[in-house]
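One structure is given here, and the rest of the page talks about it.
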Amino acid sequence: MPIVGVIGAGLIGRSWAMVFARAGWRVKVTDSSADARRAAPRLLRQALFDQAKHGLVRQPAAVLKRIQVVADLEQAVAGADFVQECGPEKRATKRRLFRALDRATPTHAVIASSSSAIVASEFTEALAGRARCLIAHPVNPPHLVPVVELCGAPWTAPAVLARARRVYQGIGQVPITVWREIEGFILNRMQGALLAEAFRLVGRGYVSPVDLDNTIRHGLGLRWSFMGPFETIELNAPGGVADYCARYIGFYKRLARHPAGPDVYGAANAKKILAAWRGVPAHRHGAKTRWRDARLAALVTHKRGQKGFEG
Ligand SMILES: NC(=O)c1ccc[n+]([C@@H]2O[C@H](COP(=O)([O-])OP(=O)(O)OC[C@H]3O[C@@H](n4cnc5c(N)ncnc54)[C@H](O)[C@@H]3O)[C@@H](O)[C@H]2O)c1
């Protein structure tokens, strides 16, 4: 049974632990916080039994048994074949963690970071084992959203990237390869473009936050759950992508001349958005997160029963 060491037992670490354990891996997870280590088994049990209700996990108790919470990083990576780092999104912490990981992890193992925006070259350059390090950026929560962005530093060995790709495919994820480092990788750059425009449109009073969300929830998002933007425009003109560009690109060019700038995130605009936003109170976040996960699990189950277009 292959072994993965998971560093950090927060949102992403616990979720990765379930992804690997579901696929038959033995998981050793640790966290520097004793509270996080103590809370992890209960949270993992709850999430695994929730997934079982949707048919995404067959034997939740057996999966849970494959996950062991250990006291420190050295124990987590002892004998590991793969490491998934899920510590805080801070450059200095990643640097410290990777120094310790490179020292303690068996030399044959790949070391992947879940980092959302910090590229691997910013915290692996000085390591003896830098060729085995890469970013494997998931989407929250990876046990329900399968895409994972793989991005090496300039010194990451191509064989390591290929091996990581096989590992993630093998555990049921959908890896995409980012060919060279770029801040935000692909997913958060796409999300950032959308979010900046959302902040601009709501902040300048063109639409309410609820109707902005409805535009995605009941509009673009329906297609996006099974097609990307290129596939979308392919079908939005009779002659495909080239025809779409001929018809509509003039409009998009005009829009692109005035992109939403950093000011949309400034204090004045944020205040306007917060005043218009009716979110759930903090004590209901947990309940809303479970609701989201149940909806995602149902969507994942639905997607598993559907065929892709075979052209
Ligand atoms: N939350 C998201 O939407 C999301 C999505 C994709 C990627 N990520 C990335 O995943 C990583 C983890 O994010 P998260 O959302 O799970 O954060 P989180 O705050 O829920 O969890 C981080 C955990 O790391 C622990 N930790 C801190 N220092 C540590 C150390 N030295 N050793 C071991 N554990 C340590 C903390 O106690 C905490 O439990 C970050 O790099 C983040 O950018 C987050």
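In listed order, ligands and their atoms are each counted from 1. The first residue of the sequence shown is numbered 1, and numbering continues consecutively from there.
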Same apolar cluster: Tyr168 and Ile186, side chain cutoff 4.5 Å:
no
Which residue and non-hydrogen atom of the protein lie closest to atom 31 (N) of ligand 1, and at what distance in Å?
Leu97 CD2, 3.8 Å
Which of the numbered atoms in ligand 1 are below 4.0 angstrom from a heavy atom of Gly87?
11 (C), 12 (C), 24 (O), 40 (C), 41 (O)
Of the listed options (Val29, Ile118, Asp31), which comes nearest to atom 38 (C) of ligand 1 when hydrogens are ignored and any heavy atom counts?
Asp31
Verify whether one side chain among Thr177 and Arg165 offers a donor that lies under 3.5 Å from an acceptor in the other.
yes
I want to know if ligand 1 touches Ile7 in the polar sense, i.e. an N/O pair below 3.5 angstrom.
no
Starting from atom 8 (N) of ligand 1, locate the nearest protein heavy atom and write down its residue, its atom name and how far away it is, to 0.1 Å.
Ser116 OG, 3.2 Å
Sub-4.0 Å atoms of ligand 1 with respect to non-hydrogen atoms of Pro88:
24 (O), 26 (N), 27 (C), 28 (N)
Those atoms of ligand 1 less than 4.0 Å from some heavy atom in Ser114
7 (C), 8 (N), 9 (C), 10 (O)
same_hphob_cluster(Trp16, Val167) at 4.5 Å side-chain heavy-atom cutoff:
yes
From His143 atom NE2 to Leu56 atom CG, the distance as rounded to the nearest 0.5 Å:
8.5 Å
Nearest-contact summary for atom 21 (O) of ligand 1 - protein heavy atom, Å:
Gly10 CA, 3.4 Å
Starting from atom 30 (C) of ligand 1, what is the nearest protein heavy atom, named by residue and atom, and what distance separates them?
Ser32 OG, 3.5 Å
If we check side chain to side chain contact (heavy atoms under 4.5 Å, CB included) with Val210, which of these qualifies: Asp213, Asn214, Leu212?
Asn214
Does His137 approach ligand 1 within less than 4.0 angstrom via side chain, backbone, both or neither, non-hydrogen atoms only?
side chain
Between Thr30 and Gln75, does any side-chain donor sit less than 3.5 Å from a side-chain acceptor?
no
Would you indicate whether the side-chain heavy atoms of Trp155 and Thr124 approach each other to under 4.5 Å?
yes
What is the closest protein heavy atom to atom 20 (O) of ligand 1, and at what distance does it sit?
Leu11 N, 3.1 Å
For the pair Glu89 (side chain) and Ser115 (backbone), establish whether a donor and an acceptor sit closer than 3.5 Å, ignoring hydrogens and angles.
no
Closer than 4.0 angstrom: is that true for some heavy atom of Lys94 and an atom of ligand 1?
yes
To the nearest 0.1 Å, how far is atom 22 (C) of ligand 1 from its closest protein heavy atom, and which atom is that?
Cys86 O, 3.7 Å
What residue and heavy atom of the protein are closest to atom 2 (C) of ligand 1, and at what distance?
Asn140 CB, 3.7 Å
Counting from 1, what ligand 1 atoms have a heavy atom of Ser33 closer than 4.0 Å?
37 (O)
Hey, quick one: are Val148 and Trp25 part of the same hydrophobic cluster, counting side-chain heavy atoms closer than 4.5 Å, chains of contacts allowed?
yes
Identify, for atom 15 (O) of ligand 1, the protein heavy atom at the shortest distance, and state residue, atom and that distance.
Ile12 CG1, 3.7 Å
Answer yes or no for atom 41 (O) of ligand 1: protein heavy atom present at a distance under 4.0 Å?
yes
For the residue pair Glu181 and Ser121, confirm or rule out a side-chain donor-acceptor distance under 3.5 Å.
yes
Indicate yes or no for a side-chain donor-acceptor contact from Arg26 to the backbone of Met1 under 3.5 Å, with no hydrogens or angles considered.
no
